[in-house]
There are 2 protein chains.
Amino acid sequence: MEQRPNPYAANCPTRLVLDRLADKWAVLLLGLLASGPQRFNQLRREVEGLSQKMLSQTLKGLQRDGLIERTVFATAPITVEYALTPLGRTLISPIEALRLWAESHIGEVVAAQAAYDDAGPAVPVMPMKVQNVGAGSPAAR
Amino acid sequence: MEQRPNPYAANCPTRLVLDRLADKWAVLLLGLLASGPQRFNQLRREVEGLSQKMLSQTLKGLQRDGLIERTVFATAPITVEYALTPLGRTLISPIEALRLWAESHIGEVVAAQAAYDDAGPAVPVMPMKVQNVGAGSPAAR
DNA sequence: CTGTATCCAGGAAGATACTG
DNA sequence: CAGTATCTTCCTGGATACAG
């Protein structure tokens, strides 16, 4: 029926991937692993605010998705290395793009937030942008 | 102190932006608005599984970040349009990249998940990749 | 070192009802 | 149509303790 099933249906691939990527720890870890394999506690130390539980959990998820690979070295004590898989490596480009966007536009975002918070609380004399439209309604689709 | 403060510190811009973008609804809505302004209930209908509460909440957040703009038309009943701001428009490219990645690699991800779930539950004869390493430990940094 | 298991508080999100 | 308010439930995620 749906020739062009919109990408916003619940079963859409984009949605599935997004659900996983909508995890800041996952994105952060992928970015970190992009520069080479890392050990468990190494990652733990590098990502500020990441608890051991979340790290373990997130790594497991990424491994399940085939994005990272877990290698155990039978040293004593044991050491474990996490590295991007070839599939995972294909993701670093989009993620890098996101990181670049963040760095170049964070200032504007923060400014917008400040402006919003400034205008919000106050009782408005001219609070919101209102337009009087006669005939030409916006949604005359 | 930190000449190269790692991007994984809690105060890093990337982190701040990521926290917001780590919201699947937000990303989805931005993608939807990339093709033109939309009304409230229009968005609600288009994004499957998105509750009214989450829509309202997410839109407010995006507006606060200066990524979208809310315009009220004084029709009867009232209509409201949401559109990307210039800042928001700069985000569609990275998001599109993500969407494209998702569409081209979803198959591999699903396959990896299946393989993982397949190997996981079973009691392993040769479950995990283990290497015996003598001297050359991995983390000889 | 690399995890897993348990407890527990706080936030996220659905359902529902109501307002302008 | 475009929301806000409230209630309740569920899950996330931190802290802690323990195991291989």
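Chain A is the first sequence line, chain B the second, and so forth, proteins listed ahead of strands; every chain is numbered from 1. If you're wondering where the values come from, they're calculated on a predicted model, not measured in any experiment. When reading the values below, keep in mind they use all heavy atoms of this one structure, side chains included, and skip hydrogens, waters and symmetry mates.
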### Message
If you assign each of A:I78 and A:M54 to its closest nucleotide in DNA chain D, which residue comes earlier from the 5' end?
### Response
A:M54
### Task
Please state how far atom CD in A:Q38 lies from atom P in C:dC1, giving the value in whole angstrom units.
15 Å
### Distance, nearest 0.5 Å, that separates OG1 of A:T85 from CG of A:L62
9.5 Å
### Query
Would you say a side-chain N or O of A:Y82 is under 4.0 Å from OP1 or OP2 of C:dG3?
yes
### Contact under 4.0 Å: A:R70 side-chain N or O vs C:dT2 OP1/OP2
no
### Message
What's the closest nucleotide to the side chain of B:P77 if the choices are D:dC1, D:dG3, C:dC1?
### Response
D:dC1
#### Entry: Rounded distance in Å - CG (A:D23) to P (D:dT12)
11 Å
### Task
Would you mind telling me which of D:dG14, C:dT2, D:dC1 lies closest to the side-chain atoms of A:W25?
D:dG14
### Task
Kindly say if A:S51 contacts the phosphate of D:dG13, meaning a side-chain N or O under 4.0 Å from OP1 or OP2.
no
### Query
Does OP1 or OP2 of D:dT4 have a side-chain N or O of B:S56 closer than 4.0 Å?
yes
### Message
Which nucleotide wins on minimum distance to the side chain of B:K53, given the candidates C:dA13, C:dG3, D:dA2?
### Response
C:dA13
### Query
Nearest-Å distance, CD (B:E81) to P (D:dC1)?
15 Å
### Query
Starting at CG of B:L55 and ending at P of D:dC1, how long is that distance when rounded to a whole Å?
13 Å
### Query
When the distance from CZ of A:R45 to C1' of C:dT2 is rounded to whole Å, what number comes out?
12 Å
### Query
Applying the 4.5 Å side-chain criterion to the ILVMFWY set and letting contacts propagate, would A:L43 and A:I78 be lumped into a single cluster?
yes
### Query
Among D:dG13, C:dG14, C:dT2, which nucleotide sits nearest the side chain of A:Q57?
D:dG13
### Query
Is there a donor-acceptor pair closer than 3.5 Å between any side-chain N or O of A:R39 and the backbone N or O of A:Y82?
no
### Task
Please report the closest heavy-atom contact between A:I92 and A:A34, naming both atoms and the distance.
CG2-CB, 3.8 Å
### Query
Atom CG of B:L43 to atom C1' of D:dC1: distance rounded to whole Å?
13 Å
### side chain to side chain contact (heavy atoms under 4.5 Å, CB included) partner of A:Q38, chosen from A:V80, A:I68, A:L33
A:L33
### Task
Measure the distance from CZ on B:R44 to C1' on C:dA13 and round it to the nearest whole Å.
13 Å
### Query
Please give, in whole Å, the distance from C:dT4 P to A:N41 CG?
13 Å
### Message
Please determine whether any donor N or O and acceptor N or O are separated by less than 3.5 Å between the side chain of A:Q52 and the base of C:dG3.
### Response
yes
